[in-house]
Structure formats: C-alpha cells, structure tokens
Amino acid sequence: MLLGQVAGKVWATKKSPALTGQALLTVAVDGALLVCADCVGAGEGERVLVATGGAARVAAGAHIPIDAAIVGIIDGP
Amino acid sequence: MLLGQVAGKVWATKKSPALTGQALLTVAVDGALLVCADCVGAGEGERVLVATGGAARVAAGAHIPIDAAIVGIIDGP
Amino acid sequence: MLLGQVAGKVWATKKSPALTGQALLTVAVDGALLVCADCVGAGEGERVLVATGGAARVAAGAHIPIDAAIVGIIDGP
Amino acid sequence: MLLGQVAGKVWATKKSPALTGQALLTVAVDGALLVCADCVGAGEGERVLVATGGAARVAAGAHIPIDAAIVGIIDGP
Amino acid sequence: MLLGQVAGKVWATKKSPALTGQALLTVAVDGALLVCADCVGAGEGERVLVATGGAARVAAGAHIPIDAAIVGIIDGP
C-alpha cells in the first residue's frame with residue numbers, strides 16, 4: 001500500500017453510474033496525485049493509507065470501477 | 001484513479017474483435033499518453049478521471065481487452 | 001492501453017508450455033521495450049495498441065502466462 | 001517480487017474493518033516506501049521479499065484490502 | 001512481458017508456506033532487480049522472459065503468492 005496526504009475533493013457530475021455517491025478524494029503520493037475512493041471518512045490534510053488495484057474494490061466491498069481507495073488514516077509517527 | 005486531459009482519438013481498423021465499436025481516446029496523464037476506452041462520452045480537451053487495470057473492464061461492463069477507461073468528466077476545481 | 005511500435009520478434013525455445021505457438025513481439029513503448037503476445041498479426045515498424053495485465057489474457061482468449069498483448073494496429077494520425 | 005528492508009511500523013486506528021489485527025510494516029524498496037501486510041513476522045531492519053497486487057491477498061489467505069505483503073525474510077547473500 | 005537477465009538466487013528460510021520448494025531467482029530488468037519464480041529452469045546470466053502480476057500465478061499453475069515468474073529463456077537475438 002502507499003502512504004499519502006489528502007489534498008482535496010474531486011467532483012464529476014458525468015461519471016460511470018456505479019460511482020454515484022462514492023466520495024472521491026485527491027491524495028498526494030510521492031509527488032504525484034491519485035484520485036481515491038474514500039472508504040474511511042478521511043479529511044483534507046490527513047495522512048492516509050492507500051490500497052491500489054483489485055484491493056481498492058475489496059475495500060469498497062463493491063464491483064465498482066475504482067483502482068485506488070483510502071483504507072486507513074495514519075495515526076502513527 | 002488518474003486525472004488526465006483528453007488529447008484526441010485513436011483508430012485501429014485491425015484490432016481485437018471485442019474492441020469493435022468501443023471509442024478509444026488518448027488521454028495525457030502526467031506527461032505520458034494513455035489510450036482509454038471512453039465510458040462517459042468525453043470530448044477533446046476535457047479533464048477526465050481514468051480507472052486502470054481490472055477497474056477498466058468493470059467500467060465497460062464487459063470482458064473486453066482494455067486496461068484503462070474514462071469513468072468521469074471532472075467538473076470540480 | 002499503451003501506444004507503441006513493433007521493434008522485432010522474440011524466440012524462446014525453452015518456455016512455459018502454454019506459450020507454445022504464441023507469437024511474441026518486442027514493442028518500444030516510451031523508450032522501454034515490452035514483449036507482447038501478438039493477437040492481431042502486427043508487423044515490424046507498425047504502430048500498435050498494447051493492453052496490459054489481465055486484459056492481455058482477455059485479448060488472447062486463453063489462460064496463458066502473458067501480461068501484455070497487441071490488440072490493435074493504429075491507422076489513425 | 002521486490003527486495004526491500006523493513007523500516008518501521010504503521011498504525012491506523014481508523015481503517016477498513018478487514019484490516020483489524022493485520023500488522024502493517026513500512027518497507028524501503030528502491031528508495032520508495034511501501035506499506036506491507038506482514039505475513040511472516042519480519043522485524044525492523046530485516047531484508048524481506050515483497051509480493052504485490054493480487055499475490056498479497058494470496059499471501060494473507062484472505063479477501064482483505066491489501067496490495068503488498070511480506071512473504072519472506074531473506075537469509076541469502 | 002519483460003526482458004531481463006538472471007543475476008542470482010534468493011534464499012528465504014522464513015517464508016510463506018506456499019513458497020516452499022519454489023526456486024526464486026533475481027533478474028535484472030532495466031536496471032532494477034526483480035525476484036522471480038523460476039518456471040523453466042533458467043541459469044545465472046541467461047536472458048529471460050518475465051511475466052508479472054496474475055500471469056505469474058498462471059505460469060506457476062498454482063495459487064501461490066508470486067507476482068513475477070520466468071516463463072522463457074531467450075534464444076533469439
């Protein structure tokens with residue numbers, strides 16, 4: 001998994017129907033920006049744990065077109 | 001998922017039969033060019049959300065040989 | 001998917017049995033060389049569309065150990 | 001798979017329920033930091049073998065939202 | 001798939017049980033080192049074909065925690 005920091009939100013009125021209602025956050029990871037489905041209620045600026053690929057759909061518990069999901073909010077060092 | 005901008009269209013008369021009728025757009029992502037199946041009717045120049053890997057086939061709702069798909073048109077900041 | 005250009009062929013007499021009879025071409029993609037299963041009969045120098053990961057096995061229509069496949073010959077710009 | 005060195009632990013009180021009880025270690029791989037599920041009881045500083053993608057879930061033997069797992073402690077050169 | 005050159009062997013006494021008996025070789029690919037399950041009996045210095053992701057498990061013919069496998073020994077140019 002990847003460590004990142006929540007940078008903001010993404011809105012897309014026109015999108016795959018299966019993404020309706022799914023919160024999408026931008027996360028800065030190693031200088032790049034990933035859009036992640038938020039599965040734990042993360043907020044802007046928080047350090048988060050991101051799972052990618054099929055693991056994202058496991059986190060969402062649904063067959064939806066996502067390849068990255070926030071699966072934890074880091075509270076360690 | 002990745003944020004990108006639609007750069008143009010791709011035509012391939014000789015292709016896997018399963019791709020017949022599937023619109024293919026080039027999307028600029030972090031300086032590289034990805035070819036994506038268009039699942040939401042995006043147009044040239046629009047900022048889009050791209051899902052990769054198995055998520056692309058979930059977006060297309062079909063067992064077709066794609067590994068990247070446009071799943072949203074960004075209307076946020 | 002990725003855009004690339006066919007660079008040549010690869011021979012491997014000693015290989016996974018499931019790859020027997022599968023044409024393998026080297027494709028230049030963004031300065032790197034990928035070995036792809038050829039699913040459309042591409043020739044040297046042609047610009048091609050490459051699908052990676054599970055999509056390659058979907059293109060080949062078989063449970064074979066490939067992670068990249070040529071799924072189209074580009075005839076656009 | 002990737003060779004890496006265990007750098008430390010990660011704590012996330014707020015996380016996907018399926019990750020409860022799963023030890024998460026940071027592993028330095030080629031200058032980047034990956035968070036891995038620990039499947040073999042690795043310790044800080046040890047050289048480890050990391051499997052990514054679906055292989056991580058195979059290592060954990062469970063349908064949990066992970067995309068990287070430590071699957072061996074290197075005792076060779 | 002990737003072209004690489006076998007660099008050496010990897011030993012891990014403490015490892016996922018499913019990896020027991022599986023030969024693991026280090027392969028130099030584009031300047032990085034990948035650890036691959038050897039499915040064709042490759043030797044040090046040989047140029048090899050590496051399949052990654054789910055294709056590695058297809059090559060091994062087993063549900064084991066690997067994400068890279070040697071699937072051919074290159075005998076072409």
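Quick note on labels: first sequence line is chain A, next is B, and so on, each numbered from 1.
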Part of B:L34 lying under 4.5 Å from any heavy atom of chain C:
both
Chain C contact via B:A68 - which portion, at a heavy-atom distance below 4.5 Å
both
Within-4.5 Å side-chain heavy-atom neighbours: C:M1 and B:I66
yes
Given side chains that start at C-beta, do those of C:L49 and B:L24 come closer than 4.5 Å, heavy atoms only?
yes
Gap between atom CG of B:L33 and atom CG of C:D30 - 0.5 Å precision
8.5 Å
Rounded to the nearest 0.5 Å, what separation is found between the CG atom of C:D75 and the NZ atom of B:K15?
7.5 Å
Looking only at B:G54, B:A69, B:S16, the option with the highest number of non-hydrogen pairs under 4.5 Å against chain C is B:S16
Begin from the C-alpha positions of B:R57 and C:V58 and carry the test side-chain contact (heavy atoms from CB on, under 4.5 Å) through to its verdict.
CA-CA 10 Å; B:R57 295 186 288 286; C:V58 172; 4.2 Å; yes
Mark yes or no for whether B:D67, through its side chain, and C:T52, through its backbone, hold a donor-acceptor pair below 3.5 Å.
yes
Pick one of side chain, backbone, both or neither for C:V50, based on which atoms fall under 4.5 Å of a heavy atom in chain B.
backbone
Chi angles and distances behind the side-chain contact (heavy atoms from CB on, under 4.5 Å) call for C:L3, B:T26
CA-CA 9 Å; C:L3 290 171; B:T26 49; 4.2 Å; yes
When every non-hydrogen atom of B:P65 is compared with those of C:A59, the smallest separation belongs to CB-CB, 3.6 Å
